[in-house]
Asker: 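Here it is, the structure, as structure tokens.
The model shown is predicted, which means the values in this text are computed figures rather than measured ones. Side chains included, hydrogens not; waters and symmetry mates left out as well; all remaining heavy atoms used.
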Amino acid sequence: MKICVVTGGVGGARFLLGVKAFLGWDPTGPAPDPGPDGPADTVTAVVNTADDIRLHGLQICPDLDSCLYTLSGAADTERGWGRQGETWTVSGELAGYGAEAPWFSLGDKDIATHLVRTRMLDAGYPLSAVTAALAGRWRPGVTLLPMSDDRVETHVVVEDPDHDPADGTEPALIALHFQEWWIRHRAGLSPRSITPIGADTATPAPGVLDAIAEADIVLIAPSNPVVSVGTVLAVPGIREALRTTAAPVVGMSPLIGGRPVRGHADACLAAIGVDSTAEAVGRHYGARSSGQGGRDAAGDEVGGILDAFLIAEEDSAEIPGVQVVRAPLLMTDPNATAAMVARCLDAVDVRR
Ligand code: GDP
Ligand code: CA
């Protein structure tokens with residue numbers, strides 16, 4: 001069976017561990033050797049790249065790296081990001097020059113990944129080819145496709161945090177890179193808008209549209225609906241592929257009891273005028289069948305993407321045209337997450 005997953009970084013990677021467990025694979029190992037007729041099952045992930053950032057001349061792709069490291073067992077699961085057994089010599093030296101971006105720590109092992117990636121990009125290879133090359137070392141089992149080879153960067157417009165309210169002027173509006181807003185300001189500055197800059201002229205990376213069209217089922221991971229899934233959907237062609245694929249499309253809520261399990265999805269949702277409830281997220285994704293709902297970040301109706309939507313047992317939701325299924329949605333370990341995957345297949349009557 002062919003499973004296609006639309007995903008962000010840490011949350012999405014955790015979900016992909018469960019997809020591998022569902023297929024009976026080692027969650028942190030490579031895919032099993034293919035039989036004489038080719039692989040029985042394949043998993044392809046369409047990964048958000050709008051978090052990407054260039055720092056110290058290095059191209060950093062946090063969501064792709066979270067997937068690479070997590071799915072190969074190299075991630076530091078306690079810290080929640082980066083490599084296990086990481087050291088911080090280079091960061092310490094940069095700080096010695098006052099040249100660190102203190103809000104974005106780069107470990108030594110991680111830096112090697114960014115060096116290889118940047119060297120290949122500078123030599124002219126597209127990000128999709130670079131990602132495939134990096135995966136040759138990590139063997140994540142899942143084919144990881146960047147959503148696009150084109151540069152897309154989420155920017156967050158906020159009021160200037162250094163503005164002095166006593167001086168009687170209106171605060172200036174400034175645009176921050178998503179990472180600066182998320183990490184440095186811990187999403188604490190309330191955003192006026194969140195925009196994936198460059199998405200409107202980006203094209204899907206090679207393989208993305210085919211993976212969606214040829215899948216037996218498409219799963220929308222319980223990733224951030226705005227800055228992970230939303231940015232993937234903002235690449236022209238991807239939403240249309242989800243709306244027209246013969247495969248059913250099933251999403252999952254990243255909110256449990258109206259709160260993100262981790263991170264600041266609520267602040268992102270507020271910026272695009274969507275309530276922090278499973279129902280509001282489901283309606284924002286919208287129904288594929290009726291074409292109802294489904295809104296872009298500007299709030300314009302663009303047609304929905306869902307056949308079914310899983311929400312947590314403590315939540316309730318009515319989403320016109322979408323089958324809503326209550327299920328345990330805490331990804332405590334790959335087996336619990338595999339049970340979520342099974343519920344997704346059941347919801348749309350797909351049999352393995
Ligand atoms: P990021 O790119 O590293 O921020 O990760 P993603 O966008 O892929 O995932 C972040 C989202 O995953 C957050 O909004 C969390 O609420 C959600 N999330 C994390 N763990 C869980 C979980 O166990 N269950 C559910 N349903 N959502 C989760
Ligand atoms: Ca991310």
Side-chain angles (χ1 to χ4, degrees), residues 4-17 19-20 25-34 39 42-77 79-87 90-91 104-153 179 202-208 210-211 221 223 228 231-232 235:
C4 177
V5 182
V6 173
T7 178
V10 176
R14 200 172 285 182
F15 179 69
L16 286 162
L17 291 173
V19 174
K20 291 168 78 179
W25 302 0
D26 172 2
T28 53
D33 288 333
T42 61
V43 184
T44 306
V46 177
V47 183
N48 172 50
T49 54
D51 292 9
D52 296 8
I53 187 165
R54 201 168 261 250
L55 281 177
H56 313 297
L58 300 177
Q59 188 66 17
I60 301 165
C61 301
D63 288 3
L64 281 167
D65 289 345
S66 290
C67 289
L68 276 177
Y69 297 156
T70 302
L71 297 173
S72 56
D76 187 320
T77 48
R79 191 171 57 238
W81 53 273
R83 293 279 306 279
Q84 220 172 69
E86 188 58 282
T87 55
V90 174
S91 276
F104 202 97
S105 313
L106 287 178
D108 300 329
K109 295 185 181 196
D110 203 21
I111 285 171
T113 305
H114 309 320
L115 281 167
V116 174
R117 172 186 293 122
T118 307
R119 192 166 86 195
M120 289 188 72
L121 288 170
D122 288 350
Y125 292 94
L127 181 61
S128 48
V130 176
T131 305
L134 296 174
R137 172 178 178 195
W138 294 109
R139 304 184 71 202
V142 171
T143 302
L144 298 174
L145 302 177
M147 67 189 196
S148 178
D149 281 334
D150 302 317
R151 180 171 168 190
V152 181
E153 254 182 35
Q179 298 293 354
T203 53
V208 167
D210 286 347
S223 289
S228 291
T231 44
V232 175
V235 177

Asker: Please name the pair of heavy atoms, one in Ser228 and one in Thr231, separated by the smallest distance, quoted to 0.1 Å.
Answerer: O-OG1, 2.9 Å

Asker: CG/Asp63 to OG1/Thr7 distance, rounded to the nearest 0.5 angstrom?
Answerer: 7.0 Å

Asker: Counting only N and O atoms by type, is there a donor-acceptor contact under 3.5 Å from the side chain of Lys20 to the main-chain atoms of Ala31?
Answerer: no

Asker: Identify the heavy atoms of Val5 and Ala221 that sit nearest to each other, and give their distance.
Answerer: CG1-CB, 4.1 Å

Asker: Within a strict 4.5 Å, meaning less than it, do heavy atoms of the Thr49 and Leu127 side chains meet?
Answerer: yes

Asker: Taking the side chain as everything from C-beta on, heavy atoms only, tell me whether Leu144 gets closer than 4.5 Å to Val46.
Answerer: no

Asker: Check whether any side-chain heavy atom of Asp110 lies under 4.5 Å from a side-chain heavy atom of Glu86, and answer yes or no.
Answerer: yes

Asker: Treating Ser223 as the side-chain partner and Gly8 as the backbone partner, does any N or O pair qualify as donor plus acceptor under 3.5 Å?
Answerer: yes

Asker: Could you report the tightest heavy-atom contact between Cys61 and Asp52, atom names first, then the distance?
Answerer: SG-OD2, 3.1 Å

Asker: Of the options Arg117, Lys109, Arg83, which is the one that meets Asp65 in a salt bridge (charged side-chain N to carboxylate O under 4.0 Å, His left out)?
Answerer: Arg117

Asker: Quickly, which of Pro27, Pro140, Cys67 forms a side chain to side chain contact (heavy atoms under 4.5 Å, CB included) with Leu16? Name it, please.
Answerer: Cys67

Asker: Is Val235 close to Thr203 at the side-chain level, that is, under 4.5 Å between some pair of heavy atoms?
Answerer: no

Asker: Distance from Leu58 atom CG to Leu115 atom CG, nearest 0.5 Å?
Answerer: 5.0 Å

Asker: Return the set of residues passing side chain to side chain contact (heavy atoms under 4.5 Å, CB included) with Ala75 (not counting sequence neighbours), or none when no residue passes.
Answerer: Tyr69, Thr70

Asker: Do any N or O atoms from the side chain of Thr28 and from the backbone of Leu71 form a donor-acceptor pair under 3.5 angstrom?
Answerer: no

Asker: Just verifying a value: how many Å separate Gln179 CD and Glu153 CD, rounded to the nearest 0.5 Å?
Answerer: 9.5 Å

Asker: Counting C-beta onward and ignoring hydrogens, is there a side-chain heavy-atom pair between Leu121 and Val130 closer than 4.5 Å?
Answerer: yes

Asker: Looking at side-chain heavy atoms only, is the closest gap between Trp25 and Pro32 below 4.5 Å?
Answerer: yes

Asker: To the nearest 0.5 angstrom, please state how far the CD1 atom of Ile60 sits from the OG1 atom of Thr113.
Answerer: 10.5 Å

Asker: Can you name the nearest heavy-atom pair linking Ala211 to Cys4, along with the distance?
Answerer: O-CB, 3.7 Å

Asker: When you look at CZ of Arg79, are more than 12 heavy atoms from neighbouring residues, nucleotides or ligands closer to it than 6.0 Å?
Answerer: yes

Asker: For the residue pair Met147 and Pro204, establish whether any side-chain heavy-atom pair is separated by less than 4.5 Å.
Answerer: no

Asker: Using a 3.5 Å distance criterion without hydrogens, assess whether the side chain of Thr118 forms a donor-acceptor pair with backbone atoms of Gln59.
Answerer: yes

Asker: Which residue pairs satisfy the side-chain hydrogen bond (donor to acceptor under 3.5 Å, both in side chains) criterion with at least one member in residues 119-133, sequence neighbours excluded?
Answerer: Ser128-Asp149

Asker: Look up atom CG in Asp76 and atom CH2 in Trp81, then write down how far apart they are to the nearest 0.5 Å.
Answerer: 8.5 Å

